[in-house]
Amino acid sequence: MRKVGIIGVGEYLPKKILTNQRLEKMVDTSDEWITTRTGIKERRLAAKNEATSDLAIQAARRAIKDARLKPQDIDLVIVATITPDSAFPSVACILQDALGIKNAACFDVSAACAGFVYAITIAQQFIACGSYKKALVVGAEVLSSVTDWKDRNTCVLFGDGAGAAVLAQVKSGGILATYLNSDGSKKELLMIYAGGSRMPISRKTLTNRLHYIKMQGNELFKLAVTLMAEVAQTVLKRAGLECKDIDLVIPHQANVRIIMAMAKKLGLPREKIYLNIEKYGNMSSASTATALVEAVKKGRIKKGDIVLLDAFGAGLVWGGCVIKW
Ligand code: ACO
């Protein structure tokens, strides 16, 4: 099997900032509650004319340039998203057309907040076995389009953004191990009820606001801490490594308290955890993606470093990757 690594990264965050202070005027909440309960101070919102593919295109362009490739070098495009522009075509196909990528397999992956980790793992398998050579993997979301701006339980949490990575065969290092898992029996902890084939949008679903995210935050919180710790332990074992070998963890950014509880379980110090939740909130698949890109660009990840991507989300789904940079 070929060694596969990340050879370029790029991100795009919409310009519009929604602060906690602004949210105080929209729902019954406070900057103090949001900050202490979640770690979020502000989040980005896509412009009215920006869909998920628009964010994905910008991030993808930057990643391809960073990899010193041209769009025509890409032969596999995977977009992780739960907020596609429409049910079909896939965001990946829209992205392919916009970037002028020819002769590529393009599809979306629905794995919520673990979507980027799922997509990286899929791309790695395809390249390792020789089916494709250069993969563009994007995590992109416009969660503001499915957020109920009247529900204080959820609207303070989410944001919009995109992060991208280009994967290819590498001579040394690269992805050392991956781990994916899921438990569909807990699907109702976090879901959007209406808008699909089971409950098409109707006057009734609109009145009951069923086309927005519904979440049982408390239950998810406890599961997230356990599952993210399990991800780290399992994927590190697969890589033949231990927690002390990790240089930086890029966790899914749902809640700073979840992340720090997971770190405590694993005995990982704060400086080994990368956080960007304060600025962007939870961007689902785009959270781990943009955090990875930022960490690379800020020099927090250097050549030879061991990096752990660790995510969980609606489904439930969870997974991780250990990468030697
Ligand atoms: N402002 C003020 N008060 C609030 C707000 C708000 N924005 N939201 C909830 N409250 C209130 C509640 O109504 C409740 O009041 P009550 O005690 O009078 O009933 C109180 O605050 C406590 O509510 P809890 O839900 O117990 O608060 P908790 O400390 O659990 O924090 C939170 C809530 C932030 C949602 C947390 O549970 C969490 O982060 N859960 C995990 C979320 C997650 O990981 N999602 C999965 C990934 S997302 C994806 O896959 C797309």
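Read the numbers this way: they start at 1 and go in the same order the structure lists the ligands and their atoms. Position 1 is the first residue of the sequence; numbering continues from there. The analysis underlying the following values was restricted to heavy atoms, covering all of them including side chains, and did not include hydrogens, waters or symmetry mates.
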Where's the contact between [X] and ligand 1, heavy-atom distance under 4.0 Å: side chain, backbone, both or neither?
X: Val156; value: side chain
X: Ile213; value: neither
X: Ile258; value: side chain
X: Thr29; value: both

Just to confirm my output: which protein heavy-atom neighbour is closest to [atom], and how far is it?
atom: atom 40 (N) of ligand 1; answer: Gly217 O, 3.0 Å
atom: atom 15 (O) of ligand 1; answer: Arg152 NH2, 4.2 Å
atom: atom 31 (O) of ligand 1; answer: Arg257 NH2, 3.6 Å
atom: atom 8 (N) of ligand 1; answer: Trp33 CH2, 3.3 Å
atom: atom 43 (C) of ligand 1; answer: Ala254 CB, 4.0 Å

Crowding at NZ, Lys3 (>12 non-hydrogen neighbours, <6.0 Å): no
Is [atom] near the protein, in the sense that some protein heavy atom lies at less than 4.0 Å from it?
atom: atom 34 (C) of ligand 1; result: yes
atom: atom 27 (O) of ligand 1; result: yes
atom: atom 45 (N) of ligand 1; result: yes

If the test is side chain to side chain contact (heavy atoms under 4.5 Å, CB included), which one of Thr52, Thr83, Leu45 qualifies with Leu143? Thr83
Any idea which atoms of ligand 1 are less than 4.0 Å away from a heavy-atom of [X]?
X: Thr38; answer: 34 (C)
X: Gly313; answer: 50 (O)
X: Met215; answer: 35 (C), 42 (C), 45 (N)
X: Phe312; answer: 44 (O), 46 (C)
X: Asn255; answer: 34 (C), 36 (C), 38 (C), 39 (O)
X: Asn282; answer: 47 (C), 48 (S)

Could you walk me through whether Arg43 and Glu278 pass salt bridge (charged side-chain N to carboxylate O under 4.0 Å, His left out), step by step? CA-CA 8 Å; Arg43 66 290 291 144; Glu278 187 179 346; over 6 Å; no
If hydrogens are left out, which of [options] has an atom nearest to [atom], that is, the closest non-hydrogen atom?
atom: atom 49 (C) of ligand 1; options: Gly39, Ser285, Cys113; result: Cys113
atom: atom 20 (C) of ligand 1; options: Glu32, Arg37, Glu24; result: Arg37
atom: atom 30 (O) of ligand 1; options: Thr83, Asn20, Asn218; result: Asn218
atom: atom 9 (C) of ligand 1; options: Val146, Val256, Asn153; result: Asn153

Hey, mind stepping through Asp85 and Ser53 against side-chain hydrogen bond (donor to acceptor under 3.5 Å, both in side chains) and telling me if it holds? CA-CA 7 Å; Asp85 295 23; Ser53 66; 2.6 Å; yes
What's the verdict on salt bridge (charged side-chain N to carboxylate O under 4.0 Å, His left out) for Arg44 and Asp160, showing C-alpha distance, side-chain angles and the deciding distance? CA-CA 6 Å; Arg44 298 297 177 98; Asp160 304 334; over 6 Å; no
Worked check of side-chain contact (heavy atoms from CB on, under 4.5 Å) between Leu23 and Leu18: CA-CA 7 Å; Leu23 273 166; Leu18 176 63; 4.1 Å; yes
Apply side-chain hydrogen bond (donor to acceptor under 3.5 Å, both in side chains) to Glu141 and Ser285, showing your working. CA-CA 7 Å; Glu141 306 285 3; Ser285 68; 2.9 Å; yes
Does Ile34 reach ligand 1, in the sense of a heavy atom lying below 4.0 Å from it? no
Side chains of [X] and [Y]: do they bring a donor and an acceptor to under 3.5 Å?
X: Tyr274; Y: Glu294; result: yes
X: Tyr179; Y: Gln233; result: no
X: Thr154; Y: Asp151; result: yes

Candidate pair Tyr12 and Glu50, rule side-chain hydrogen bond (donor to acceptor under 3.5 Å, both in side chains), full reasoning: CA-CA 12 Å; Tyr12 176 77; Glu50 272 181 324; 2.7 Å; yes
Positive for side chain to side chain donor-acceptor pair (under 3.5 Å) with Asn20, one of Asp31, Thr38, Thr29: Asp31
Closer than 3.5 angstrom, by distance alone: can the side chain of Thr290 be matched with the main-chain N or O of Ser287 as a donor-acceptor pair? yes
Could you check whether any side-chain heavy atom of Pro251 comes within less than 4.5 Å of a side-chain heavy atom of Met262, counting everything from C-beta outward? yes
